There are 2 protein chains.
Amino acid sequence: MQLSARGRYAVMAMVDLAARAPVRSGASSSVPLAEIALGQRISLAYLEQIFCRLRRAGLVLAVRGPGGGYRLARAPAEIAIIEIIRGSGEPIRTTRCRPGGLPCPGSSPALPGARCRTHALWAALGHEIERFLGSVTLADVLAGHPAIPAAAA
Amino acid sequence: MQLSARGRYAVMAMVDLAARAPVRSGASSSVPLAEIALGQRISLAYLEQIFCRLRRAGLVLAVRGPGGGYRLARAPAEIAIIEIIRGSGEPIRTTRCRPGGLPCPGSSPALPGARCRTHALWAALGHEIERFLGSVTLADVLAGHPAIPAAAA
DNA sequence: TTTTTCCCGACCGTGAAGGTCAAGAATTCA
DNA sequence: TGAATTCTTGACCTTCACGGTCGGGAAAAA
C-alpha cells in the first residue's frame with residue numbers, strides 16, 4: 001500500500017503554488033515552475049510533466065512568456081486533495097479484479113456474481129481513501145490542520 | 001496509491017483458509033497450502049513465502065507432515081485485516097519523509113520541525129487507512145459485509 | 001523409509017515508476 | 001523584429017522492487 005511519487009509531488013507542488021501566490025504583487029500573477037522546482041527539490045522537467053496533467057485536469061491555469069507561470073484555477077478551499085491526485089494521473093488501485101462484471105481471478109465459480117470474497121473489502125478501502133482525500137482541501141493543508149477532519153470522523 | 005499483490009494475496013489466502021477450516025472433519029485439522037494455492041490461483045511457491053511471514057507474525061500455526069498444513073492461530077473474529085497486511089510484510093507507506101525527526105526532503109528551513117507542509121496530510125492518510133483495516137476482521141469478510149463499518153463511520 | 005508437507009534462502013525477469021532530453025510554440029519586452 | 005522567457009509535448013532512458021521460480025532441507029506421520 002503505497003502512494004507513488006507523482007501523486008505526492010503533485011500535492012506538494014500545488015501546496016507550494018498556493019502558498020506563493022498570495023505573496024505576489026499582482027493579485028492574479030503566476031508562479032513559474034522553476035521556482036516551485038527549486039523549493040520542493042523536484043526536477044523541473046518532471047514537474048513540467050506533472051503540471052501538464054494538472055492543467056488538462058482544469059486545476060491550474062498556464063500563462064506563457066516572461067512573467068508567466070501557473071496559477072490555481074480555483075480558490076484553495078475549493079480544491080480537494082483527491083482532485084489533485086486524480087488529476088496527476090495517479091490511480092487509486094486497491095484491487096486487480098477485472099472491471100465490467102468479469103469474474104475476479106481468484107473467484108470460485110460457486111460464488112455469487114463471480115466476485116472474489118475479498119472484493120467488497122478492497123472496494124470499501126478504496127472508497128474510504130477517496131472519502132478522506134476528498135474531505136481535505138488545499139486550504140486545510142495550508143492552514144496546517146489536515147488531520148483534524150480525519151481524527152474527528 | 002496501490003496495494004501490492006503480496007498484501008492482497010495474504011488476505012485472500014487467510015480468508016480462504018478460514019473458510020475451509022470449519023468444513024474439515026477434525027475440529028483442529030489443518031489445510032495444506034496446495035489447496036489454497038489451487039483455490040486462489042496463486043503459485044504454491046509464492047504462497048509458501050507469504051505464509052512463512054504470517055506464521056512468524058503469529059497469525060497461523062504450521063503442522064508438518066502428511067495431513068499437515070496451516071491453521072488460524074486465533075478465531076476469525078479476533079484477526080483484523082491490518083494484522084494480516086502488516087504480517088505479510090507489506091508496509092503502509094504514504095510518505096517518503098525520513099523518520100527520526102530528520103527534515104523532509106522538500107521542507108523549507110523556515111518551517112517548524114523541518115517537516116514539509118504536506119507531512120501531516122500523509123500521516124493522517126496513513127492513520128485513516130490503518131484505522132479502517134483495523135476495524136474489519138476476517139470474520140467480517142467471511143460474512144460478506146466488510147463495507148458496512150466503513151460506510152457507517 | 002517413504003511420503004507429505006512445511007521451511008527458507010538464492011535467484012531472476014519484467015514492467016512500471018521516476019526521471020531526462022530536445023524540439024517547439026506562445027507570449028512579452030526591448 | 002528578434003530575443004528572452006516560459007509553458008508543451010513526446011520520446012527516451014535507467015533503475016529497482018515486485019512478483020515469481022527453483023532447489024535443497026527438515027520434520028512428522030504412515
Side-chain angles (χ1 to χ4, degrees), chain A residues 1-10 12-13 17 20 24 26 28-38 40-73 85 88-93 96 105-106, chain B residues 1-10 12-13 17 20 24 26 28-38 40-57 59-73 85 88-91 93 96 105-106:
Chain A
M1 188 90 248
Q2 57 188 84
L3 186 64
S4 78
R6 198 166 64 205
R8 189 169 38 238
Y9 283 178
M12 285 164 60
L17 175 59
R20 281 172 201 277
R24 309 270 137 176
S28 65
S29 61
S30 26
V31 180
L33 274 196
E35 235 174 82
I36 296 176
L38 214 64
Q40 298 293 318
R41 314 276 159 76
I42 305 174
S43 101
L44 176 59
Y46 195 32
L47 208 55
E48 281 175 339
Q49 260 191 37
I50 293 170
F51 268 80
C52 199
R53 287 165 182 264
L54 293 177
R55 183 181 56 81
R56 273 181 270 192
L59 294 170
V60 294
L61 304 172
V63 181
R64 299 209 229 194
Y70 283 95
R71 285 199 325 246
L72 292 182
I85 292 185
S88 76
E90 162 126 7
I92 307 280
R93 258 186 295 167
R96 255 183 212 179
Chain B
M1 188 92 247
Q2 59 187 86
L3 186 64
S4 77
R6 199 166 62 207
R8 190 169 38 239
Y9 282 178
M12 285 164 60
L17 175 59
R20 282 172 200 275
R24 308 271 138 178
S28 64
S29 60
S30 24
V31 181
L33 276 196
E35 235 173 82
I36 297 176
L38 213 63
Q40 298 294 317
R41 313 277 158 75
I42 305 174
S43 99
L44 175 59
Y46 195 33
L47 208 56
E48 282 177 340
Q49 260 191 37
I50 293 171
F51 268 79
C52 201
R53 288 164 182 264
L54 293 178
R55 183 181 55 81
R56 275 180 269 191
L59 294 171
V60 294
L61 303 172
V63 181
R64 300 209 228 195
Y70 284 95
R71 285 200 324 246
L72 292 182
I85 292 185
S88 77
E90 162 126 8
R93 258 185 295 169
R96 252 182 214 181

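Every value quoted in this text rests on a predicted model; they were computed, and no experiment measured them. Excluded from the calculations below are hydrogen atoms, water molecules and symmetry mates; all remaining heavy atoms, backbone and side chain alike, are included. Quick note on labels: first sequence line is chain A, next is B, and so on, each numbered from 1.
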Nearest-nucleotide comparison on DNA chain D, the residue closer to the 5′ end among B/Ser4 and A/Val63: A/Val63

Shortest side-chain distance from B/Gln49, nucleotide among C/dC6, D/dG20, C/dT28: D/dG20

5'-most by nearest nucleotide on DNA chain C - A/Arg64 or A/Leu3: A/Leu3

Atom-to-atom span, CG of B/Leu47 to P of C/dC6 - whole angstrom: 9 Å

Euclidean distance, B/Arg64 CZ relative to B/Ser30 OG, rounded to 0.5 Å: 13.0 Å

Spacing between B/Ile50 atom CD1 and D/dT21 atom P, to the nearest angstrom: 11 Å

Nearest-Å distance for atom pair CG/P, residues B/Leu44 and D/dG23: 14 Å

Passing candidate, side chain to side chain contact (heavy atoms under 4.5 Å, CB included) with B/Leu17, options B/Leu54, B/Val31, B/Leu59: B/Val31

Geometric class of the A/Tyr70/A/Phe51 ring pair [parallel <30°, tilted 30-60°, perpendicular >60°]: tilted

Euclidean distance, atom OH of residue A/Tyr9 to atom C1' of C/dT20 [Å, nearest integer]: 14 Å

Distance test, side-chain N/O of A/Ser43 to OP1/OP2 of C/dG18, below 4.0 Å: no

B/Tyr46 OH - C/dT14 P separation (whole Å): 17 Å

Earlier contact from the 5' end, DNA chain D, for A/Gly65 and B/Glu48: A/Gly65

Protein-nucleotide distance (A/Met12, atom CE; C/dG18, atom P), rounded to Å: 13 Å

Atom pair distance, as rounded to whole Å: CG in A/Leu17 and P in D/dC7: 11 Å

CZ-CD distance between A/Arg8 and A/Glu90, expressed to the nearest 0.5 angstrom: 8.5 Å

Residue-phosphate contact under 4.0 Å: B/Arg55 side-chain N/O, C/dC7 OP1/OP2: yes

Between C/dT5 (P) and B/Arg71 (CZ): distance, integer Å: 16 Å

Sugar-phosphate, base or nothing in reach of B/Tyr70, heavy atoms under 4.0 Å: sugar-phosphate

Atom pair CZ/CE of B/Arg93 and B/Met1 - distance to nearest 0.5 Å: 11.0 Å

